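Read through the structure below, which is laid out as structure tokens, and then see the notes.
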Amino acid sequence: RKSGRSTEMASIALVLAFCFLGFFVPAPSVASPSNNNDFLRCLSTSIPSQLVLTPSSPSFTPLLVSSIRNARLVAPATASPPLCIVTPTNASHVQAIVRCGRRHSVRVRVRSGGHDNEGLSYRSTTPNGEAFAVIDLAKLHAVHVIPHEATAWVETGATTGELYYRVATAAPGLGFPASVCPTVGVGGIISGGGIGLMMRKYGLSADNVLDASMVDAGGNLLANKKAMGDDLFWAIRGGGGGNFGIVLAWKLRLVPVPPKVTFLKVAKTMDQGAVDAVTKWQTLAPVLPDDLSVRVVIQKSQANFQSLYLGNCSTVVATMRSRFPELGVTSADCKEMSWLQYTAYIYFGDAINNKPLEALLLNRSTTLGPFVKNKSDYVKKALTKETWKKIFLWPNGARSGQLILEPHGGIMGRISTAKNPFPHRSSVLYNIQYVELWNGKEAGGNITPNWIGSLYDFMTPYVSKNPRGAYVNYRDLDMGVNKVVDGVTCYETAKVWGERYFGAANFRRLAKIKGKVDATEYFRNEQSVPPLPLK
Ligand code: FDA
């Protein structure tokens, strides 16, 4: 493990040296130092004061914490708070924030659902770093469904749960492929791709974006893709949030769903053959019918198979019994329900039986859970049974860890890697998300997670290589953070993480687009796409 880390450190040192040697011709950066009071005064000329909260307001901290899902990210966020949080109620407010920010050298971070795994939508990892404001889009969450077109416009402050609810109630028979968890924001998830249980049939959320409106780095409103141009419209559909502008709304292609879908769940312990079942699942799940998605959550040496079938129980039981007899599926393992009920059931479980489906329109101030650290991988060649046995028995210590395996294949394998910035397509069997959870009371809660780091190192030979792929929506700052040299983010440093999220060609294209639309990097964070000069 140590030698892997030293090689990584050496390569980071090399690219840093490359940057400092002046490889990059610096673009002019945003002027400094910032004048925070002038910025706030500027906001007050265009935005009602009740929409701008500064740390002196009693509502500031509750609002800041309101959509944070990860206790690990709370303390640092409150220790170094943003200059203010603005909750715009229309596009002109967003434009005003960007214009005032540019004028007075205050950058912005934009937040939709607040689920960023490293909290980049509301916190900066640099203590006492440059001033920044948070644009919290929670008040912009309208969903306008156009049933006869099978499309919808959704504002980016909406969660996927709100989207599902509004679509299914306005247009029964239609749905949208996005996250399993309904609290995720459509601003972030669609910006980074959007994987879920309908992606094998219909692709990523980003594959189903027909149009969008956004505010660019100059504070201009670009009302549709024509105003953006092909490159920018390509970049915002999977190139990662917080890079190219603030998306205000997406126009989505809605997809057909049958009146009844099936939820199927089977758990297997190691004694019941979990290792054999997961070993087989790796090559089976990506070639099952596109209507059937079977994912696996591995926790405490147990494999939980959860699936969505766009059809009825008897058909899926027959399919599973013939293709995956090892699971021993019976009709007792499945439940038929509407697609909307499914989106609630997979999140709330049986508790949804006592709640109305309006629970999907969640109040986003959910209880803060444990400390969490995530990483991700892509698998292109199945792991052996012996390797899985070691993974199932990986020591947890006092912490708990989860592996979530999401099958690819289906239409995902038929979409070109250049269609949008998300590159993990034809050769991928499945995605792994590693999740480490702990209570954080130990050592102030900020210690380096151990389960996840050691398992991730162990997995190196078994997962995708050159580069080792990762999903941008499972953001991981351990993969590298940007280095700003002479006022500009160094492309060579950023490549270390960027090519892993997007592949070399897509990352280069993203950087060129950044060079075209935001050359001075008004939108900049620890893992923002750096600008490359156009030629
Ligand atoms: P957040 O508001 O934190 O934004 C994330 C990033 O996007 C930030 O960089 C932010 O600045 C930027 N951004 C937000 N709104 C923007 C806008 N309007 N314009 C431009 N940039 C914007 N993923 C997945 O694909 N499938 C899944 O099933 C799940 N499930 C899941 C469950 C849980 C509990 C978590 C914590 C995360 C997931 N994810 C996921 C990952 C999720 O897709 C990822 O964290 C998204 O970036 C979250 O989007 P939010 O808008 O919620 O986050």
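In each ligand, atom 1 is the first atom listed, and ligand 1 is the first ligand listed. Here the structure is a predicted model, which is why all the values come from computation and not from measurement.
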Contact between Gly114 and ligand 1, counting heavy atoms under 4.0 Å?
->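 Per 4.0 Å heavy-atom rule, Gly114 contacts ligand 1.
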What atoms in ligand 1 come closer than 4.0 Å to a heavy atom of [X]?
X      : value
Ile246 : 19 (N)
Gly245 : 19 (N), 20 (C)
Thr156 : 18 (N)
Ser112 : 2 (O), 14 (C), 15 (N), 51 (O)
Ser179 : 26 (N), 27 (C), 28 (O), 29 (C)
Gly194 : 25 (O)
Gly241 : 7 (O), 9 (O), 12 (C), 21 (N)
Asp116 : 1 (P), 3 (O), 5 (C), 6 (C), 8 (C), 9 (O), 45 (O), 53 (O)

Quick one: does [X] get an N or O within less than 3.5 Å of an N or O on ligand 1?
X      : result
Gly196 : no
Asn525 : no
Asn473 : yes
Gly242 : yes
His115 : yes
Arg109 : no
Val110 : yes
Arg69  : no

With side chains defined as the heavy atoms from C-beta onward, is the minimum distance between [X] and [Y] less than 4.5 Å?
X      : Y      : result
Pro370 : Asn439 : no
Val372 : Val435 : yes
Val106 : Val108 : no
Trp153 : Lys251 : yes

Tell me the nearest of [options] to [atom], using heavy-atom distances.
atom                    : options                        : answer
atom 52 (O) of ligand 1 : Ser67, Ala158, Gly185          : Gly185
atom 24 (C) of ligand 1 : Thr183, Val186, Ile189, Val108 : Ile189
atom 9 (O) of ligand 1  : Arg475, Glu118, Arg111, Gln433 : Arg475

Looking at Asn473, Thr183, Thr159, which hits side-chain hydrogen bond (donor to acceptor under 3.5 Å, both in side chains) with His115?
->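 Answer to the side-chain hydrogen bond (donor to acceptor under 3.5 Å, both in side chains) test with His115 among Asn473, Thr183, Thr159: Thr183.
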With under 30° as parallel and over 60° as perpendicular, where do the rings of Tyr456 and Tyr434 fit, or are they tilted in between?
->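 Ring orientation of Tyr456 relative to Tyr434: perpendicular.
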Return the orientation label for the Phe422 and Tyr378 ring planes: parallel under 30°, perpendicular over 60°, tilted otherwise.
->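 Geometry flag for Tyr378 against Phe422: perpendicular rings.
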Nearest-contact summary for [atom] - protein heavy atom, Å:
atom                    : result
atom 31 (C) of ligand 1 : Val184 CG2, 3.6 Å
atom 28 (O) of ligand 1 : Val180 N, 3.0 Å
atom 49 (O) of ligand 1 : Gly188 CA, 3.2 Å
atom 26 (N) of ligand 1 : Ile195 O, 2.8 Å
atom 18 (N) of ligand 1 : Val247 O, 2.8 Å
atom 32 (C) of ligand 1 : Cys181 CB, 3.6 Å
atom 25 (O) of ligand 1 : Tyr471 OH, 2.6 Å
atom 4 (O) of ligand 1  : Ser121 CB, 3.9 Å

Is there a donor-acceptor pair closer than 3.5 Å between any side-chain N or O of Trp250 and the backbone N or O of Arg237?
->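 Not at all, since once roles are kept as given, no pair shorter than 3.5 Å links the two residues.
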Taking the side chain from Ser293 and the backbone from Pro407, do they hold a donor-acceptor pair closer than 3.5 Å?
-> no
Could you give me the CA-CA distance, side-chain angles and deciding distance for Asn431 and Gln433, then say whether side-chain hydrogen bond (donor to acceptor under 3.5 Å, both in side chains) is met?
-> CA-CA 7 Å; Asn431 168 279; Gln433 185 187 180; 6.0 Å; no
Just let me know how Tyr474 lines up against ligand 1, side chain, backbone, both or neither, with a heavy-atom cut-off below 4.0 Å.
-> side chain
[Y] and [X] side chains, donor-acceptor separation under 3.5 Å:
X      : Y      : result
Asn70  : Asn117 : no
Tyr345 : Asp350 : yes
Glu118 : Thr125 : no
Lys139 : Thr87  : yes
Asp476 : Trp497 : no

Quick check: are there more than 12 heavy atoms from other residues, nucleotides or ligands sitting under 6.0 Å from NZ of Lys419?
-> yes
Positive for side chain to side chain contact (heavy atoms under 4.5 Å, CB included) with Leu252, one of Val167, Val143, Val186, Leu163 = Leu163
